[in-house]
Amino acid sequence: MNWNELTIYTSKEGIEPVTGVLLDLGITGFIIDDPDEMKQFIEENSDMWDLVDEDLSASADTPPNIKIYVSDTPQGKDLIHSIYAQIRELSARDEQKQFGTLQIEVENVHDEDWENNWKQYFKPFEVGRNLVIKPTWEEYNNTLGKTIIQIDPGNSFGSGLHETTQMCLVALERFILNGETVIDVGCGSGILSVAAALLGSRSVIGIDIDETAVITARNSVITNETQDRVTIIHGDLTDKINDRSDIVIANLFANVIKRLLPDIKRVLKPNGLFISSGIITDTVEEVQEAYRENHIHVLETLQMGDWYLIIGKNED
């Protein structure tokens, strides 16, 4: 199948409103390209190559952008028209032009281009005290006995490179101490679900509304041999979950986290932790307030780059 790759150019402040538009249109699979993240990646991994690819260096100089893939079909073309219309409305509301140009570029791609082109940029890297994220096609000399998470995110969000994912991994490493159970809402590639199991969780449920993400996450579970502890299901937020866990983790966006919070106490044990990330500076306070409104006590707010993670406790 052929696909249309849409690239929406924005700014850091525009990432959340643009993704909000896409979510409202039912689009849950997208790739956020943050140039600051790419620059950091090049700097931290400079010892892995003698010459950095020119395309990789160039991508570090582009504005923040969001990529989505829409099938090259009549239905797909209708969706593209809707995207253009909604982005134009967003641009009209952005009187101070904080959201960047909101320019949209469209390119036709094949399945194999979509799935494989980005792999040249993904190398093993360390996170937290003892975690290593390793793409399945790369080698890693594990002389220090670190916990290795093998990942092939395919078309799903969650390679581990983004600050939000790294903060979530660090939080799981910190709080999974004695077999705590975990619910991973919006599991994407399954990286957090797998990490939770490898860190010692005795039971993990990952859930995602995107069917492609569910397939990718299930493959990640098999690759990391965690089938005995991780179950991946298809659903919207926590609608298919009836069990209560010690930890609920959600690497989403502020508007989705706020929609999730009213149901958190149903699936979180007393004294359990709700960990959320994907939050930008402009929305930190409103997410903290949503925690309080839903009787989740805010314990900590952590920052990496321009992104935040909030840790709350179910105290009643």
Side-chain angles (χ1 to χ4, degrees), residues 1 28-31 69 111-112 114-128 130-142 145-162 164-166 168-173 175-176 179-243 245-252 267 275:
M1 178 185 291
T28 58
F30 39 77
I31 301 169
Y69 293 87
D111 261 342
E112 58 270 20
W114 178 17
E115 293 177 357
N116 295 320
N117 281 355
W118 57 273
K119 289 185 176 181
Q120 61 187 305
Y121 308 137
F122 189 10
K123 303 291 181 180
F125 63 98
E126 299 179 0
V127 178
N130 199 44
L131 294 174
V132 172
I133 311 301
K134 186 187 83 67
T136 55
W137 57 90
E138 290 285 339
E139 298 294 330
Y140 180 79
N141 186 15
N142 192 17
K146 291 182 176 290
T147 299
I148 296 180
I149 304 168
Q150 296 198 78
I151 196 74
D152 185 352
N155 306 329
S156 301
F157 180 77
S159 67
L161 286 172
H162 200 273
T164 59
T165 310
Q166 293 189 37
C168 287
L169 289 167
V170 169
L172 289 173
E173 188 178 35
F175 291 111
I176 297 177
E180 286 80 1
T181 56
V182 175
I183 295 172
D184 176 13
V185 183
C187 63
S189 68
I191 186 171
L192 298 182
S193 295
V194 166
L198 294 176
L199 287 167
S201 174
R202 65 182 180 274
S203 175
V204 182
I205 298 174
I207 185 167
D208 205 292
I209 195 171
D210 189 310
E211 293 183 355
T212 301
V214 169
I215 294 170
T216 302
R218 287 173 178 166
N219 287 335
S220 296
V221 170
I222 294 169
T223 298
N224 289 275
E225 300 181 351
T226 54
Q227 304 96 307
D228 58 331
R229 284 156 289 163
V230 182
T231 302
I232 305 295
I233 61 177
H234 179 239
D236 185 9
L237 299 180
T238 53
D239 65 347
K240 301 288 180 63
I241 298 176
N242 298 312
D243 299 326
S245 71
D246 299 301
I247 298 171
V248 176
I249 192 160
N251 186 18
L252 300 166
V267 297
I275 303 169

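Every heavy atom of this structure was used, including side-chain atoms; hydrogens, water molecules and symmetry mates were not. The first residue of the sequence shown is numbered 1, and numbering continues consecutively from there.
Scanning both residues, Ile232 and Val221, for their nearest heavy atoms gives CG1-CG2, 3.9 Å. Nearest heavy atoms, Gly186 versus Asp208: C-OD2, 3.3 Å. The minimum heavy-atom distance linking Gln150 with Thr223 is given by the pair CB-CG2, 3.9 Å. The heavy-atom pair separating Lys146 from Val132 by the smallest distance is CD-CG2, 3.5 Å. Here the closest heavy-atom approach between residue Arg218 and residue Ile233 is recorded as NH2-CA, 4.1 Å. Residues Ile249 and Cys168 share a closest heavy-atom pair of CD1-CB, 3.6 Å.
A heavy-atom distance below 4.5 Å is found between the side chains of Ile207 and Asp239. Counting only heavy atoms from C-beta outward, the side chains of Ile149 and Val127 never approach each other to under 4.5 Å. Counting heavy atoms from C-beta on, the side chains of Ile151 and Ser189 come closer than 4.5 Å. In this structure, Leu237 and Leu252 have side chains that are in contact, with non-hydrogen atoms separated by less than 4.5 Å.
The line from CD1 of Ile205 to CD1 of Ile241 is 5.0 Å long, rounded to the nearest 0.5 Å. Atom CD of residue Glu126 and atom CD1 of residue Ile148 lie 10.0 Å apart, to the nearest 0.5 angstrom.
Residues passing the side chain to side chain contact (heavy atoms under 4.5 Å, CB included) test with Ile215, sequence neighbours excluded: Asn219.
Among pairs with a residue in residues 224-238, those fulfilling side-chain hydrogen bond (donor to acceptor under 3.5 Å, both in side chains) read Thr238-Asp263, at least two apart in sequence or across chains.
A distance-only check finds a donor-acceptor pair linking the side chain of Glu173 to the backbone of Asn130 [under 3.5 Å].
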Could you go through residues 192-201 and list every donor-acceptor pair under 3.5 Å that involves a side-chain atom there, pairing it with any protein atom two or more places apart or in another chain?
| residue | atom | partner | partner atom | Å |
| --- | --- | --- | --- | --- |
| Ser193 | OG | Asp184 | OD2 | 2.8 |
| Ser201 | OG | Glu180 | O | 2.6 |
| Ser201 | OG | Ser203 | N | 3.3 |
| Ser201 | OG | Ser203 | O | 3.0 |

